[in-house]
Amino acid sequence: MPDGRAFGMGVHFALEYLSDAMLGERWTMQATPFDIESLLAAQQADFDIMHMTRELEELPQRAIILGCRQKRDAMEAKVSKIATLKKETERKRTRITDEDASLQKKEAGVQAAIEAAGGDYRNVEARTKELDGIFRRRQTLAEQIEQLDAEMGKISDLAAQAAGALRDIDRTEEEATASFKQEGGRLKASIADAERRREELLSGVTDELARAYRTTSDHLGTVVIGRLDDGRCGVCRAAIDPGRQIELRSQAPITFCPICKRLMIVE
């Protein structure tokens with residue numbers, strides 16, 4: 001049996017398209033075998049359009065491109081953190097080297113004072129202690145600079161790795177985009193061809209049949225044409241009572257399913 005949505009859409013179609021006379025009286029659309037063949041071919045074109053549209057929407061390149069963009073966002077955030085860490089490390093190193101340069105000048109001054117002190121042993125002793133303190137501090141600073149240089153090396157390696165990862169992401173996205181344009185363009189062209197084929201087929205039948213096909217398609221959006229098959233609609237599979245079957249056969253070769261309101265071929 002048809003679901004409630006399909007049935008409701010069918011009723012809406014019937015009320016909008018069919019006249020009161022069509023609903024209440026025997027009604028037959030005139031159709032030749034060529035018309036029937038054209039309508040079925042138009043439906044096949046619509047099937048092709050539906051399948052190709054789904055294929056276009058499900059092209060794997062879409063997921064690849066989206067994944068690349070997500071990875072790029074994450075990698076750019078990492079690059080930003082690396083840049084911040086590098087700047088902080090450089091600032092620390094600059095502060096230390098500035099202090100060391102200042103101590104170097106002070107060291108030279110103290111050394112000159114010692115040399116000028118001559119026999120003033122107390123002055124020499126005090127200056128020597130001061131010189132020793134400067135030396136120890138400069139040693140500590142040298143060790144800190146060495147550690148910061150090692151850290152800068154690691155940061156540079158991380159930056160190079162991140163830049164390489166971004167290049168890989170860009171290359172992957174470019175390849176996927178090019179492939180998507182190629183396959184997507186092919187599918188879009190095929191969809192356009194199928195749409196033109198459908199319109200050409202419908203232009204070859206009567207206006208009444210073409211209008212019935214388009215209106216049914218607009219309202220149901222799936223299978224438009226079924227067949228009376230062993231007392232059932234070949235699409236919605238609803239059983240049709242024998243009395244109604246006789247009426248439908250009198251409307252051959254094409255009418256509407258009384259249940260789902262699709263076009264129905266009666267043979």
Side-chain angles (χ1 to χ4, degrees), residues 1-58 186-267:
M1 294 292 291
D3 60 30
R5 179 173 176 272
F7 180 75
M9 291 171 68
V11 170
H12 180 65
F13 158 75
L15 292 175
E16 178 178 293
Y17 177 71
L18 299 180
S19 68
D20 292 338
M22 292 174 185
L23 286 171
E25 301 177 0
R26 179 179 180 276
W27 175 63
T28 302
M29 285 187 288
Q30 300 299 318
T32 65
F34 174 80
D35 292 332
I36 299 297
E37 182 179 344
S38 296
L39 290 175
L40 290 173
Q43 177 169 255
Q44 183 58 54
D46 272 332
F47 287 160
D48 294 341
I49 292 168
M50 180 179 65
H51 293 152
M52 289 187 290
T53 300
R54 183 180 300 118
E55 185 179 352
L56 178 62
E57 292 172 349
E58 295 175 355
R186 176 184 58 79
L187 284 169
K188 288 177 180 178
S190 297
I191 290 170
D193 287 342
E195 289 173 342
R196 283 192 294 270
R197 186 170 72 252
R198 178 195 59 202
E199 294 308 309
E200 288 173 0
L201 289 164
L202 292 178
S203 69
V205 303
T206 66
D207 291 344
E208 181 184 36
L209 286 172
R211 185 168 63 253
Y213 181 93
R214 288 194 175 95
T215 306
T216 306
S217 178
D218 289 344
H219 283 81
L220 297 180
T222 53
V223 181
V224 176
I225 306 171
R227 292 179 182 271
L228 180 60
D229 179 24
D230 194 24
R232 294 177 180 272
C233 171
V235 180
C236 71
R237 301 307 300 166
I240 301 172
D241 66 78
R244 196 62 185 274
Q245 289 182 47
I246 294 172
E247 180 183 352
L248 293 175
R249 291 187 189 282
S250 71
Q251 297 170 1
I254 190 165
T255 183
F256 289 97
C257 170
I259 308 302
C260 68
K261 309 305 177 187
R262 288 177 170 86
L263 289 168
M264 175 183 282
I265 295 173
V266 181
E267 298 172 326

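Considering CZ of Arg196 and CG of Leu201, their distance stands at 13.0 Å, rounded to 0.5 Å. Between atom CG of residue Leu209 and atom CD1 of residue Ile254 there is a gap of 6.0 Å, rounded to the nearest 0.5 Å. Glu195 contributes atom CD, which lies 8.5 Å from atom CE of Met52 (distance to the nearest 0.5 angstrom). In this structure, the separation between CD on Glu199 and CZ on Arg214 is 4.5 Å, given to the nearest 0.5 Å. The distance from atom CD1 of Ile49 to atom CG of Leu56, rounded to the nearest 0.5 Å, is 13.0 Å. Taken to the nearest 0.5 Å, the CD1 atom of Ile265 stands 13.5 Å off from the CG atom of Leu248.
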| task | Walk me through it: do Gln251 and Val266 pass the test side-chain contact (heavy atoms from CB on, under 4.5 Å)? | result | CA-CA 8 Å; Gln251 297 170 1; Val266 181; over 6 Å; no
| field | Verdict with supporting geometry, Tyr213 and Gln43, side-chain contact (heavy atoms from CB on, under 4.5 Å) | value | CA-CA 9 Å; Tyr213 181 93; Gln43 177 169 255; 3.7 Å; yes
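Between Ile191 and Asp48, every side-chain heavy-atom pair lies at or beyond the 4.5 Å cut-off. For the pair Val235 and Cys257, the minimum side-chain heavy-atom distance is 4.5 Å or more. Annotation: side chain of Ile259 is not in contact with side chain of Cys233 (no heavy-atom distance under 4.5 Å).
A donor-acceptor contact closer than 3.5 angstrom is absent between the side chains of Ser190 and Asp193.
In terms of heavy-atom proximity, Thr216 sits nearest to Arg262 at CG2-CA, 4.0 Å. A pairwise comparison of heavy atoms in Ala239 and Arg232 identifies N-NH1, 3.7 Å as the closest pair. Pairing each heavy atom of Arg186 with each of Glu55, the nearest pair is NH2-OE2, 4.0 Å. Across all non-hydrogen atoms, the minimal contact from Glu267 to Arg227 is OE2-NH1, 2.6 Å. In terms of heavy-atom proximity, Ala212 sits nearest to Leu263 at CB-CD2, 4.1 Å.
The backbone N or O of Thr32 lies less than 3.5 Å from a partner atom in the side chain of Asp35, making a donor-acceptor pair. Formation of a donor-acceptor pair under 3.5 Å by the Gln245 side chain with backbone atoms of Ile240 is found in this model.
Remark: Asp230 CG is loosely packed, at most 12 non-hydrogen atoms of other residues, nucleotides or ligands lying under 6.0 Å away.
Residues Arg244 and Glu247 are paired through a salt bridge, judged by an N-O separation under 4.0 Å between the basic side chain and the carboxylate.
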